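What follows is one structure encoded as structure tokens, with my remarks underneath.
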2 protein chains.
Amino acid sequence: MTLYHAEYAWLGPAHVPRIVREGAGRNDPPPGNVPADAGLVSDVLIEVADGRFAAVTPSVRPAPAGAVRLAGLTLPGLANAHSHAFHRALRGRTHAGTGTFWTWRDQMYALAARLDPVSYLALARATYAEMALAGVTCVGEFHYLHHGPDGTPYADPNEMGAALVTAAQLAGIRITLLDTCYLASGVDGAALEAGQRRFGDGDADGWAARVDRMRISAGHAKLGAAIHSVRAVPADQIPTVVGWAAEREAPLHLHLSEQRAENDACVARHGRTPAELLAELGALGPGTTAVHATHLTATDRALLGGAGTGVCLCPTTERDLADGIGPGRALADAGCPLSLGSDSHAVIDLFEEARAVELDERLRSQQRGHFTVDELLCAATVAGHQALGWADAGRIAPGARADLVTVRLDSARTAGVDPAGAVFAATAADVRHVVVDGRVVVKDGEHTDIDVSQALRTAIGALV
Amino acid sequence: MTLYHAEYAWLGPAHVPRIVREGAGRNDPPPGNVPADAGLVSDVLIEVADGRFAAVTPSVRPAPAGAVRLAGLTLPGLANAHSHAFHRALRGRTHAGTGTFWTWRDQMYALAARLDPVSYLALARATYAEMALAGVTCVGEFHYLHHGPDGTPYADPNEMGAALVTAAQLAGIRITLLDTCYLASGVDGAALEAGQRRFGDGDADGWAARVDRMRISAGHAKLGAAIHSVRAVPADQIPTVVGWAAEREAPLHLHLSEQRAENDACVARHGRTPAELLAELGALGPGTTAVHATHLTATDRALLGGAGTGVCLCPTTERDLADGIGPGRALADAGCPLSLGSDSHAVIDLFEEARAVELDERLRSQQRGHFTVDELLCAATVAGHQALGWADAGRIAPGARADLVTVRLDSARTAGVDPAGAVFAATAADVRHVVVDGRVVVKDGEHTDIDVSQALRTAIGALV
């Protein structure tokens, strides 16, 4: 039994983590009139045993002897619901000249071509360790670098995926490996290009057969599925992936309408938008998370929300890649639980992602106050964990997984800020203490096992 | 004589700091085909004497004995060209409920009403010390809290302004006090509202008479003028302020078209936009900096650029206050030198401001690569200093003021990043070492004189 005594803690949303406004039409009880800071309490005694919360008691003064004091604001574990770990090597390296998402992709493919299981493990370990420093306790890795550069499978055809699972373990965080089906280079089903061959499994049955050989026995990992996009998985192959996930009750993720070109190509080929096509193929629903969902029609939003499909927003990447501002508020109102991802890792800072959901809506609407603090923190914690299949994480409550993220309220950035508004002020650099499944992973701002800076420099230096 | 040896240094733009593209029509030599990293060199020996750079020599290996090693990327001093120091007390405290810029302003006025010279000094000292930690060597304070809450002047009618000058001195940074004329509550010249009375000087002559009593003898401070906005200074009063600044060759700043409502009211009253009105009144030109410039017509942009008017963008505030995305690239192309400000201090991080200029353009245009790294750093350094009247600062060059800002390249955020792209990865938390006019102000990430967190908490705690 370990005792913590938190100066302030946000225990999680008061109601089920459906980020909807009252009357928005979802079946789940809406947050109703719960104030934005309902979950914020002080002097919280937190008892941890066997990796779970045993008891959580606010307003305990003074702290009992032997309790570890957590000065600042303690949050549930943050879930980074959309990650491409290897993109970390591109940070700050893709800004010369002009271009688009598509020219950026060429640079990304050039890096992807250089990775092997050893360098992939080293880079992912360092990247996940950076996430741990930022308070991320669980990552959703959207993984499609399956085979050797020319498409030849490794001796173990899941060696690259296994490297990611090991990397998360070494970094001390949980992972949902979203093994991604990637079969074609366009909506017309055209063959993979040279730089894409290592992503492919021939067809969806080939993908399923390979994934079924993956053995995940470690307690820190789960297996999920992903459809890369309607560009990369032909319509007739999509139901196989959907069925695979449904049968196993595994999370299903997919990139959706990040770029207008994808929508245009899909409409030209199929006479419907990507969301319409996916709805028709049964790919939407509460077990599905659509990533980005930037360029949608009103019909698309209704389809996503009506089915209870989750949406993972990645605002710092959507800025960096010039995707545009997604309709976050409209999607939440339609019934989509929102989660967050740092995606390309131009930035790894879930606070920045969370506030950007609100601030980007402000830029578009020229109005303030679209999301409550409760909603933003919910997206960063319990909703993200749900999107990754960890229904028992993301809240500080008895029985839940014992994840704790403590943010300094005495840095130059957070000093003087009301704890209820800290999500608008804190950065990843303000995370002081991180506990994952009861184990201390970050102490006084340092990773307990890994020299993160050195690990990043070594891993990236070998590749660039 | 002090010797520094910088691992990497960006010495400043290769040409005059006019942020224009080739052929954009300005008189100044354009950057032409200078590559983005022209100013980036390594192993730089920097000699400082009497607060100035005596010599700057790249590629000196090994470092001579006695030189202080600056590991990481060393930049010229950053200029924060638009600040309202007291807004720092609002950080993280204005996000409950819905609203607009105008409802936010009510909260800001409520705080303004509580300040006196003592609390203003304490809060500004702490805020400027936070700026020093972020690498800001010079601040432009847009100051309009002149008198007692009911409008009665203090015994020294410049006591509040003097508090700001002292605050900057205590924090170890330079200041340009932009003493702001604020006379009316709307474009129709309506009398000041209750919460605005302490801003007013009756008329522009009253403003000028008061400002002329201000004595600034300290070497770290300069005096400039500001027209709050076309809302707050009636058209017939504007020429007096313009003339005051021109006579003294002092910088002139003004808020311009931050909100559409200001434009609408101005057009309704004067039959022209704020930029058109200001152009007609002679308020535009190379000595003027227009702050925000968010909602402009093509004519407005041509007027601003044609006159060589500077524009100070404040992207993190423009997000927070739901102002919208200003036309940064178009203004630069029209001939406006760009500078940066943290304005309301929702964030104090000039790196975040600099990259947001590029990233917000990406959000709007769905294209990447609008600004070079050279242009973004120029805005944060030499152009900002020029906008504040410090023509001899903002570059690491012999004869210039000896300001140095060293950014870690070994934090979790910056590790593995190409130094040329650090502006896309670094945060204020990565600033390790700051020298202002030859004096060390920040060492190993700590302010040499002030416990910044404690100073912020004390100053803000007394007000909220």
Side-chain angles (χ1 to χ4, degrees), chain A residues 36 88-89 91-101 103-104 129-130 133-134 260 318-325 346-348 358-360 362-363 365-370 373 410-418 420-422 424-425 427-429 452-454 456-457 459-461 464, chain B residues 36 88-89 91-101 103-104 129-130 133-134 260 318-325 346-348 358-360 362-363 365-370 373 410-418 420-422 424-425 427-429 452-454 456-457 459-461 464:
Chain A
R88 174 60 179 83
R91 184 182 296 174
R93 292 180 180 275
T94 67
H95 301 283
T98 58
T100 62
F101 171 89
T103 52
W104 167 85
E130 182 182 350
L133 289 180
R260 293 184 194 277
E318 290 151 10
R319 277 178 201 161
D320 190 82
L321 298 186
D323 294 338
I325 300 174
V347 175
I348 294 180
E358 165 68 21
L359 298 178
D360 284 355
R362 294 186 191 179
L363 280 178
S365 67
Q366 296 168 39
Q367 296 278 325
R368 306 175 89 232
H370 303 272
V373 165
D410 65 351
S411 75
R413 293 163 292 282
T414 55
V417 171
D418 185 331
F424 283 96
T427 71
V452 180
S453 170
Q454 188 56 51
L456 284 165
R457 280 184 291 174
I460 294 169
V464 296
Chain B
R88 174 61 178 83
R91 184 183 295 175
R93 293 182 181 273
T94 66
H95 300 283
T98 58
T100 62
F101 172 89
T103 52
W104 167 86
E130 182 182 349
L133 289 180
R260 293 184 192 278
E318 289 150 10
R319 277 179 199 161
D320 190 83
L321 299 185
D323 293 340
I325 300 174
V347 175
I348 294 179
E358 165 68 23
L359 298 179
D360 285 356
R362 293 187 191 178
L363 280 178
S365 66
Q366 296 168 38
Q367 295 278 328
R368 306 176 89 232
H370 304 274
V373 165
D410 65 350
S411 76
R413 294 164 292 282
T414 54
V417 171
D418 185 331
F424 283 96
T427 71
V452 180
S453 171
Q454 188 56 52
L456 285 164
R457 280 184 291 174
I460 294 169
V464 295

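Note on naming: letters A, B, ... go to the chains in the order of the sequence lines (proteins, then strands), and numbering restarts at 1 for each one. Values in this document were obtained by computation on a predicted structure and should not be read as measured data.
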Give, as side chain, backbone, both or neither, the part of B/Ile460 having an atom under 4.5 angstrom from any heavy atom of chain A. side chain
Applying a strict 4.5 Å limit to non-hydrogen atoms, the region of B/Ala346 in contact with chain A is backbone
Can you see which heavy atom on A/Leu133 is nearest to which on B/Ala412, and at what distance? CD1-CB, 3.7 Å
Tell me which of these, A/Val417, A/Val347, A/Thr414, A/Thr427, has more heavy-atom pairs under 4.5 Å with chain B than the rest. A/Val417
What residue in A/Arg457, A/Gln454, A/Glu130, A/His95 has the most heavy-atom pairs under 4.5 Å with chain B? A/His95
Closest approach of A/Thr98 to B/Gly369 (non-hydrogen atoms, all atoms of both residues): CG2-O, 3.0 Å
Rounded distance [0.5 Å steps], OG1 in B/Thr100 versus CD in A/Gln366: 11.0 Å
Option that, when pairs with chain B are counted at under 4.5 Å, heavy atom only, ranks first among A/Ile348, A/Val464, A/Leu359, A/Val452: A/Leu359
Atom group of A/Ala429 that falls short of 4.5 Å from chain B, counting heavy atoms: both
Sequence neighbours excluded, which residues qualify as side-chain hydrogen bond (donor to acceptor under 3.5 Å, both in side chains) partners of B/Arg368? A/Thr94, A/Asp320
Output the distance between atom CD (A/Glu318) and atom CZ (B/Arg362), rounded to the nearest 0.5 Å. 14.0 Å
Is there a donor-acceptor contact under 3.5 Å from the side chain of A/Arg88 to the main chain of B/Gly416? no
Could you state the interatomic distance from CG (A/Asp418) to CZ (B/Arg93), rounded to the nearest 0.5 Å? 5.0 Å
